[in-house]
Amino acid sequence: MAINYSSTRGGENNVTASMAILKGLAADGGLFMPDHIPVLDCSLEELSHKTYQEVAYAVMKQFLTDFTEEELKTCIERAYDSKFDTEEIAPLVKADGAYYLELFHGSTIAFKDMALSILPHLMTVSAKKNHAENTIVILTATSGDTGKAAMAGFADVEGTRIIVFYPKDGVSRVQELQMLTQKGANTSVVGISGNFDDAQSGVKKIFGDKEFAKELAGRGYQLSSANSINIGRLVPQVVYYVYAYAKLLENGEIENGEKINVTVPTGNFGNILAAYFAKQMGVPIDKLICASNDNKVLYDFFKTGVYDKNRPFILTSSPSMDILISSNLERLIYLSTGCDAEETKKRMEELSKDGKYSVTGEMRARMADFVGGYADQAANAAEIKRLYDETGYMIDTHTGVASCVYHNYVKETGDTKKTVIASTASPYKFSRSVMEAIFGSEEGKGEFELIDEMEKASGVKIPQAIEEIRKAEIRHNRQCKPEEMEKTVSEILQ
Ligand SMILES: *Cc1c(COP(=O)(O)O)cnc(C)c1O
C-alpha cells in the first residue's frame, strides 16, 4: 500500500516518500511523518536467515513506496558494501549479559554511517524521480558525527553540495580532525562560536527563509537536509533494530516472539524513534530506554510531562548528545496526539517562544513505552571502566551513558528482559575520554599516542578512519557566528 508523508504541523500533506526526502524539512517547519507506520510483511523468523542488505530491503520498501524495487535495491547495495569493515554491517556483541549492537563499522566509525551511507543514493534517485534540476545543497548541523558521515556520503556526488556547521568548541579532537580534513570539491565545513542547538536552530531558520530560498533558486540551488529530521535518515535506522532482533533469534538467544528492551544513548531523538518505529512494525520490543547525559532534558520530560530547555547547556564527554532541543521528539509528540497537527504545532510554537511546553495525561499514556534515564560524567566514566575491567570490552562515551542507564534501570525495576544497547560510536572516536575513564589522567599525552595505547589495551585494531586522519592535511578553516550562518551559506554558494 502506498504511503504518503505529511508535516507534523499540518502545512504540507500527502507528499511522496521521494519528495519528502528531497525536501528534508516541510515548508512549515514541521517534520514529515508517514500517514501510518507499516507492519512487516514477512516474519522475523524468515528475516533471521537474511543478510543486512536483505533485511534493509524488507523494511525500507514498506516506507519508500514510490521507489521501484530496482531503485531501492541499487541504493542498498551501494550503501552497505565494503565501506563497512564487517560483512555483518551491524554486529551484536554480548558482554556482561547485555547485547551491544555495534553501529560503528562504517567509514566514519559512528552510527550516523548506518543512514548516511544510503541517504545520498536515496537523494539522487529522489531528485531524478521529481525532475529536480537545481543543485541540491545539503545543509547540516552536527554535534560531531553527522557532519563527517554526511560529507563522506555526499563528497563528489554529482548535483550536490554539502555545508556542515559544527560547534567549534563542542566536539572531540578526532571528530574535528575528521571534518577538517574532508576531501571533495563540493564539501564545506564551518565552525560556529556556539553550541549544537545554535547550529541546528540556525539551519532550521535558513530552511524557513522563503526569500533566501528564492534567491538560491535563482542561482540554481535548492536546500535539503541530512539531519535526522529527514525521513531518509530515519527509515534506514529502523533496519538495524529489525536486524538485531532477527539475529538474536538466529543465534538462539531469544525465543520467537520473546519481548526485548532497547536502550539508546539519545540526543536528537532520531535513533530511539527509529527503534519505536521498529516496534510499531511488529518487532517484539517492550521498553525503549532513553539514555541522556548531563543535558537531561528528555529524562525530565518523560518523568514530568514538561519539556523545558531553559537550563545551562553542559559540554560533556559525550558531545554528540549535548543537545537541549531534541528535534525528533516532535514526531513522537505528533503520534501521541493521535496525529493532530494543530496540537503539535501549538507546542512547537511554545517551545520556540518560551523554551518549554507540556503534554496531557492522555499523551503521556501514549508514550508509556519510553523510560528516561541519565548518567552524569562520573557515572559514565565509572561504567566504561567497570565493563572494561570485568570483561575487557571497551565502549565509547555515548554507549557508556546507555550502559550505565540500562544497569540502573534493571536495579530499579527488576526488569530482566534481554536488552539490546545501541553502541553508537567506536571508542577510538573519543580516545582521550575513554582512556582517562579507564586508566586515569592521560595529561601530556598526544591524541595519537593515546590511540596507539588504546589499540594495545582493547585488542581492537585501529580503524581505517583513524589512520586516515593521522597525516591528512587540513582543508577547511571557515568560522562564523551563529547569526552569520545564512550569510556564510550565501558566500559559499557564490
Ligand atoms: C548522534 C549520536 C547520538 C545521538 O543520536 P540521536 O539520534 O541524535 O538521539 C548518540 N551517540 C553518538 C555517537 C552519536 O553520534
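Just follow the structure's listing: the first ligand is 1, and inside any ligand the first atom is 1.
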Could you go step by step and tell me if His398 and Phe111 meet the ring pair (Phe, Tyr, Trp, His ring centres under 6.0 Å) rule?
-> CA-CA 11 Å; His398 302 74; Phe111 95 92; 9.5 Å; no

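- Note: no N/O pair closer than 3.5 Å links Ser143 and ligand 1 by distance alone.
- At the top of the distance list for atom 9 (O) of ligand 1, counting protein heavy atoms only, stands Gly267 N, 2.7 Å.
- No side-chain heavy atom of Ile118 sits less than 4.5 Å from a side-chain heavy atom of Arg78.
- Of the N or O atoms in Phe430, none lie within a sub-3.5 Å distance of an N or O in ligand 1.
- For atom 1 (C) of ligand 1, the closest heavy atom belonging to the protein is Lys112 NZ, 1.4 Å.
- Using a 4.5 Å heavy-atom threshold, the side chains of Arg386 and Asp96 count as touching.
- Each of the atoms 10 (C) of ligand 1 lies under 4.0 Å from some heavy atom of Met321.
- The proximity of Lys429 to ligand 1, defined as any non-hydrogen pair under 4.0 Å, does not occur for either the backbone or the side chain.
- Side-chain atoms of Tyr241 and Asn271, non-hydrogen and from C-beta on, do get closer than 4.5 Å to each other.
- Counting only heavy atoms of the protein, atom 12 (C) of ligand 1 lies nearest to Thr424 OG1, 3.4 Å.
- Summary of contacts: the protein heavy atom closest to atom 8 (O) of ligand 1 is Asn268 N, 2.8 Å.
- The shortest N or O to N or O distance between Asn271 and ligand 1 is below 3.5 Å.
- The pair Arg311-Asp300 meets the salt-bridge criterion, since a charged nitrogen lies less than 4.0 angstrom from a carboxylate oxygen.
- Atoms of ligand 1 lying under 4.0 Å from at least one heavy atom of Thr266, given by number and element, are 9 (O).
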Show your reasoning for whether ring pair (Phe, Tyr, Trp, His ring centres under 6.0 Å) applies to Tyr276 and Phe370.
-> CA-CA 9 Å; Tyr276 186 61; Phe370 289 85; 5.1 Å; yes

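- At the shortest separation from atom 10 (C) of ligand 1 among protein heavy atoms lies Pro265 O, 3.6 Å.
- The contact set between ligand 1 and Asp145, taken as ligand atoms under 4.0 Å from a residue heavy atom, comprises 12 (C), 13 (C), 14 (C), 15 (O).
- With contacts defined as side-chain heavy-atom distances shorter than 4.5 Å, the pair Ser423/Phe104 qualifies.
- With ligand atoms numbered from 1 in the order given, ligand 1 contributes 13 (C) to contacts under 4.0 Å with heavy atoms of Ala425.
- In terms of N/O distances under 3.5 Å, ligand 1 is approached by Gly270.
- At distances below 3.5 Å, at least one donor-acceptor pair connects side-chain atoms of Lys287 with backbone N or O atoms of Ala368.
- Between the side chains of Ser326 and Asn268, no donor N or O sits under 3.5 Å from an acceptor N or O.
- Only backbone heavy atoms of Phe269 (N, CA, C or O) come within less than 4.0 Å of ligand 1; its side chain stays farther off.
- A cation-pi arrangement is absent between Lys356 and Tyr307 under the rule of less than 6.0 angstrom and at most 45 degrees off the ring axis.
- Heavy-atom proximity to Phe111, at under 4.0 Å, picks out these atoms of ligand 1: 1 (C), 2 (C), 3 (C), 5 (O), 7 (O), 14 (C).
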